[in-house]
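Everything below concerns the one structure shown next.
From a predicted model like this one, the values you see are computed outputs, not experimental measurements. So that the names make sense, note that chain A is the first sequence line, chain B the second, and so on, each numbered from 1.
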Amino acid sequence: MQLGFVIDHSRCIGCHACTVACKAENDVPLGVFRTWVKYIEEGSFPDVRRSFAVLRCNQCTDAPCVTICPVGALEKRPDGIVDVDPRACIGCKACLQGCPYDALYINDATGTAEKCHFCAHRIESGLAPACAVVCPTAAIIPGDFHDPASAVSRLRAEHLLVARKPEAGTGPNVLYRELLPAAADPTAAPAAAAYMWAERPPELARGAEELAQLYGDAQRRARTVYAADHPPAWRGLVSGYLFTKSLASGMFLASGLHFAEPGNTGGYAPAGLALGFGALAGLCLTAALLVADLGRPSRFWFILRRPNWDSWLARGSFALLGYGALLAFWLGSAIFGSTRRTTWNGMLWTATAAAAVLAAAYTGWLFAQARGRVLWMRRGLWAHLVVQAWLAGSAAGALWLGLSGKGAHGTRWRVALALGLILHALFVATEKRFAPRRREREYARAHALLWRGPFGRRRVLGSLVFGIALPLLLLLLPWPEGTLALAAAAALSGLWIEEDTLVRAGQALPLS
Amino acid sequence: MTMTRAWSSAPPPEAWDDWTELDARSWPIRRQRRFRLVPTICFNCEAACGLLAYVDRATGEVARFEGNPLHPGSRGRTCAKGPATLNQIRDPERILHPLKRVGPRGGGQFVRSSWDEALHEIGGRIRRALDEGRHDEIVYHVGRPGDDHFMPRLLAAWGVDGHNSHTNVCSASARIGYALWCGSDRPSPDYSATRFILLLSAHLETGHYFNPHAQRIVEAVERGARLAVVDTRLSNTASRAHLWISPWPGSEAALLLGVARTLLVSGRFDREFVRRWTNWETFLRARHPEDPVTFERFLERLEEAYARFTPEFVAEECRIPPQTVERLADEIASAAPAFASHLWRNAASGNLGGWQVARALMLLHVLTGSVGVPGGVNPATWDKVVARPREMPPPVRRWNERLWPRQYPLSHYEMSFLLPHLLREQEARIEVYFTRVYNPVWTNPDGCSWIEMLEDDSRIGCHVALTPVWNETAQWADWVLPMGLGSERHDLMSQETHAGTWIGFRQPVRREFERREGRPVTTTLGSNPGEVWEEAEFWIALTWEVDPDGSRGIRRYYESKHEPGRPVSLEEYYAEIFEHNVPGLPEAARAAGLTPLEYMRRRGAFAVPYAGQRRYEREVSPQEAGLEVDGVRRAGFPTPSRKLELYSETLAAWGWPEHAVPGYIRGHVHWRELDRERGEMVLLPTFRLPTLIHTRSGNAKWLLEISHTNPLWIHPADAERLGVATGKLVRVTTRIGYLVLRAWLTEGMHPGVVACSHHLGRWRLYPELGGAKLSSALVSLERAAQGRFFFRQRAGVRPFRSDDPDTERIGWREAGVCQNLAFPVQPDPVSGMHCWHQRVVVEAARPGDRYGDVFVDTSRAREVFREWLARTRPAPGPGGLRRPLWLNRPLRPAEDAYRIDGAPAAPSA
């Protein structure tokens, strides 16, 4: 059984009755929606049309929200409904990123995710979903796509039906009749700073025109004139998480530079240990930021209690945990045990380093599960994150060295930092080529945001000029005291901007 | 666990008394919740759709509203405003107790009072006025009546000609246009069998009757019918049309007459229908007395009359593509007689002479024989039933010039929006002025003149605001009396939603719930929140205060027959109507084993057996009203000639012979009239949004979060010329002031014309009083000099703390801008309709302008009033009458009241 809707836009009159009936039925708070009606205008006077798109959860066959949920709070029921269990949800918002359709939101009263669940409580009571019942023109038709006799199957047999973003590979089970291409593709019809009878949130209104010019289709002149806005779900805390995690991973990796120093026979130098402690502190901060970003912080341990092993958020949490355990063990054995170069110590360091790499890399795979965010789905992002971790770690080490007045002696740190910067620049330079498969068009539009407009300006100046070119230049200068610390500080600042831009710009392209 | 085949839209009626379903709020824990389902009627727009309230059996609270599947008009479906009724009844800012003013009127100070005190004081004032013969000083001013008979009957019982409606800011022009043709003042399109629909309206999103009509229009289109929409602005409805025509505002009649000419010239019209059912002989005799009275000659003359409306002329006049006329004519001709149309406000209400748009549209139906036939347009009176008690008071024997001034003998209806000007000119006073679901300070043009009137004790003795929520006008009330919302009151409603008849019963659902739970209640007062009452019971109680001992002969109409000496209960009142005055209901109830009252309480609506179409063809006896057509006596139409009046002798006799046939009056905002050099444009200020309903939806959070601001729609080319962009401030200057609002650039606007929705723009003077915080801006009102009003928004909408956590989640800040304040009154000299469209100058905001600024000079407003008044051709008409006897009035006085008898002329033109 696969329940779903056919939404017949040959009948829809854009009246919003479905939106309001859903709110009444499901007690949906102000500001968020389980279903809404988008308005598009296309053409020039007098050959201009307004069209509608009733948007909501697609009850996907391969639901990315179910996959990415770290605690299995989302489930695909036997009847095909995708439902969320608020008792299990921790409010991590990964499902909001996993969904290519903006179907989920966080209820601020409960801190947990909610979505259209096909009015499962009604259909189990024998009633059709509230939106279908209220619709004045019977444009919303519920049914079972696996039952050939159902109304939806008959409609599918008789008419050309389309789905939103079939390229996302989610197997949507809300199919549309006469849905305008510009209404189906949110990047094809940008919105201005305001809607025809509603304001937009200031953060989305600001720069709306400029963004629209970046990704909009100038030929078509289609405009979104009303929609439910979806402000970014992940903000500074997640950028912070990404940055502290890069530091946590990279500082440990960079500690190797101290141990590999010529003449170091005594094993762990204090500076190396300091980096190890720095890594542990970064890791603790990473975990704290992750927990703080949860809608239900007190439920963070649900990830450990009932992990969804399909989710890279769950896997990643264990990776962080494993890395933390190894790091602590390593630090303990370095302080209390033998500090000499032994096979055991070498093995322990290597294992911890592998965990650090995994801790850096897994976010790439997590982001790849965020099927709503094409910019994050870039192929090979995991490797770039490892490079960023190395850059963060080497910059931190170099900064320490520079500030402790030994900058003039840090040749290998200069090399390490330069290597990190060059590799980072290489990834940046080639990122356009690594679009996620089948999402190339959307990726190209999202990628434009990284180079132009408000995000682009910040990134090009902050991340590339200040964060890569400047430190490289400083490193090339003959070795006056202090340039190493400056270069490291610039590289770190640039990296923060880079990672924050990835988080923010990644959510700037509208999904619906 | 899922029964895919068995889903139903609503529980079966036999399960309504005890319905168990799973609770959405505890999901996925499967907690059962038991309900009683009680039907009622929505009170948001005028469509009177059926609602079904889910009342929780454990708490007695209404959990939600869905559509009533037994309702013949709405058929179980509603628009967004139906389920949003829940917001309104749970509104945390509701007025819960009678409030009485202290301090100066408009000073924002009220104290809690009691119903007893209110009834006693207001009743005493009315009683004294009646005893002193000051009957005309009692005025009831209603916005949405929500009922078909109650108040006209009550005012007749009081002997007061005091019914003042909102009609002339709404639909007067369309009404008189239709009435002059066929005696019925509105159309009832039969979409069920139509092949072509022409809408001069936005019925897929708003209007009379949005949800029922949208259902049927979409079904017709699905069946293959074609849809054309005439609307200057791209409405949602226009977007769904096969053909959207965007004429210059005020030129619509030219377009329709162009189509008429094309049909005539090409011979594509129903000769027999025109010959049999129009008063063509009268036309010929009046206009061409020298001609032989033959049908052939008539056709030549008719063609001649419309000869100037060539496609080229129409294209230039309307600024539309030249092929439009031919296309429209082809569509109509190929569908005829299955050609349906609708016009209610839109072009008719916007323009000087807008009533000729309705006349011209109806001409197309007459030419195509699509009047009262399947797929055509019925006179609305066929498709509506008005049920009343059997005992009716005699008609009022007075004529109240405050409402029916002699300058407007054909007005349809009361010149309500002129009240401040009329009272001033007539030096008249109103002792007790009721506003009921009416908010003239915000709704009417020239609201500041209303403020001046309400502040003046010598004009208004006592203002009683009957309203569920605060509104702008209630700020200037002496009494604010909280009345029930759609699910908290009794009313009877019937609307012409389709070729069929039905009657709906609005009832207070918690009262009905209690009754079914075995706890009968005798008044709605206890079952509504706080001390919220309902009008019907209030009016009965007030009548008993007015005539406490029955000596005035008023009380008897509201006295129980079962318990003489006691006021009639609503149970008895409605039982009597249902038992005796709703055709077919007693039989249907008997078949269901119920009393008629019980039947209506349980089902909420009843499909009255339909009398069918083509009623004018019905053969009648010589005793019945009718006329002879080709030797057979038939019913005909309720016009003086019993025919469709192509030539209106009424218009000719009452001073407008040049407009006696459907014609074209170039409106007051025609492009030829504009001073383009000065930057003049036309403002269309009348369009509705699908989610809102005038002044009543300001407390519906789910509707406001979708739509909460009313920017100025402007074409990008105009915007470029003015240097404005979406979101930027513009100043719109009218003849009496200006307003500052945001621009919204859209290709869906005719260049040279701007538009602004009349929804939104709510304001209040006081932080905690005067308007819903959800939807109104807090404004300061500066009055630097006599008659000069300057409104500035001190704060927009802000989140606030209340019993409802959602009020802290309010994400919008703008409440829109109240444009009507800056409009002068522009009464059409024939229909009395306020001609809404405005000549304005649009410019980028000036330094110092702020969002929401409104400036008005009421002395300018008076000048404009006098200009428009000068266009009138006052009564008396033939026979010394104030008004043609055959034209309808909501409260119809006795015939002798129509005689003007040399009474002193009131306002001087």
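Checked against a 6.0 Å centroid threshold, the rings of A:Phe118 and B:Trp7 count as neighbours.
No other option in B:Glu21, B:Arg64, B:Lys701 has as many heavy-atom pairs under 4.5 Å with chain A as B:Arg64. Listed options B:Leu234, B:Leu689, B:Asn211, B:Thr746 were ranked by heavy-atom pairs under 4.5 angstrom with chain A; first place goes to B:Leu234. Ranked by heavy-atom pairs under 4.5 Å with chain B, the first of A:Cys135, A:Pro46, A:Ala192 is A:Cys135. Each of B:Phe65, B:Tyr54, B:Trp812 has some count of heavy-atom pairs under 4.5 Å with chain A, and the biggest count is that of B:Trp812.
Of the two parts of B:Arg813, the backbone and the side chain both hold a non-hydrogen atom closer than 4.5 Å to a non-hydrogen atom of chain A. With a threshold of 4.5 angstrom between heavy atoms, B:Thr237 does not approach chain A through any atom at all. Contact annotation for A:Glu41: only side-chain heavy atoms (C-beta onward) come within less than 4.5 Å of a heavy atom of chain B. For B:Trp27, the parts sitting under 4.5 Å from any heavy atom of chain A are the backbone and the side chain alike. Only the backbone of B:Ala238 comes within contact range of chain A, judged by heavy atoms closer than 4.5 Å. Interface residue B:Asn236: backbone and side-chain heavy atoms are both found under 4.5 Å from chain A. For a residue to count as touching a neighbouring chain, one of its non-hydrogen atoms must lie under 4.5 Å from one of that chain's; by this rule B:Ala725 does not touch chain A. Neither the backbone nor the side chain of B:Pro212 has a heavy atom closer than 4.5 Å to any heavy atom of chain A. Using a 4.5 Å cut-off between heavy atoms, B:Leu745 does not touch chain A at all. Only the side chain of B:Glu222 comes within contact range of chain A, with at least one heavy atom under 4.5 Å from a heavy atom of that chain.
In this structure a side-chain-to-backbone donor-acceptor pair under 3.5 Å is missing from A:Glu25 to B:Ala24.
Partners of B:Asp231 under the salt bridge (Lys or Arg N to Asp or Glu O under 4.0 Å) rule, at least two apart in sequence or in another chain, do not exist in this structure.
Residues of residues 13-22 of chain A that come within less than 4.5 angstrom of chain B, heavy atom to heavy atom, are A:Ile13, A:Gly14, A:Cys15, A:His16, A:Ala17, A:Thr19, A:Val20, A:Ala21 in numerical order.
A salt bridge is absent between A:Arg50 and B:Glu205: the closest approach of a Lys/Arg side-chain nitrogen to an acidic carboxylate oxygen does not fall below 4.0 angstrom.
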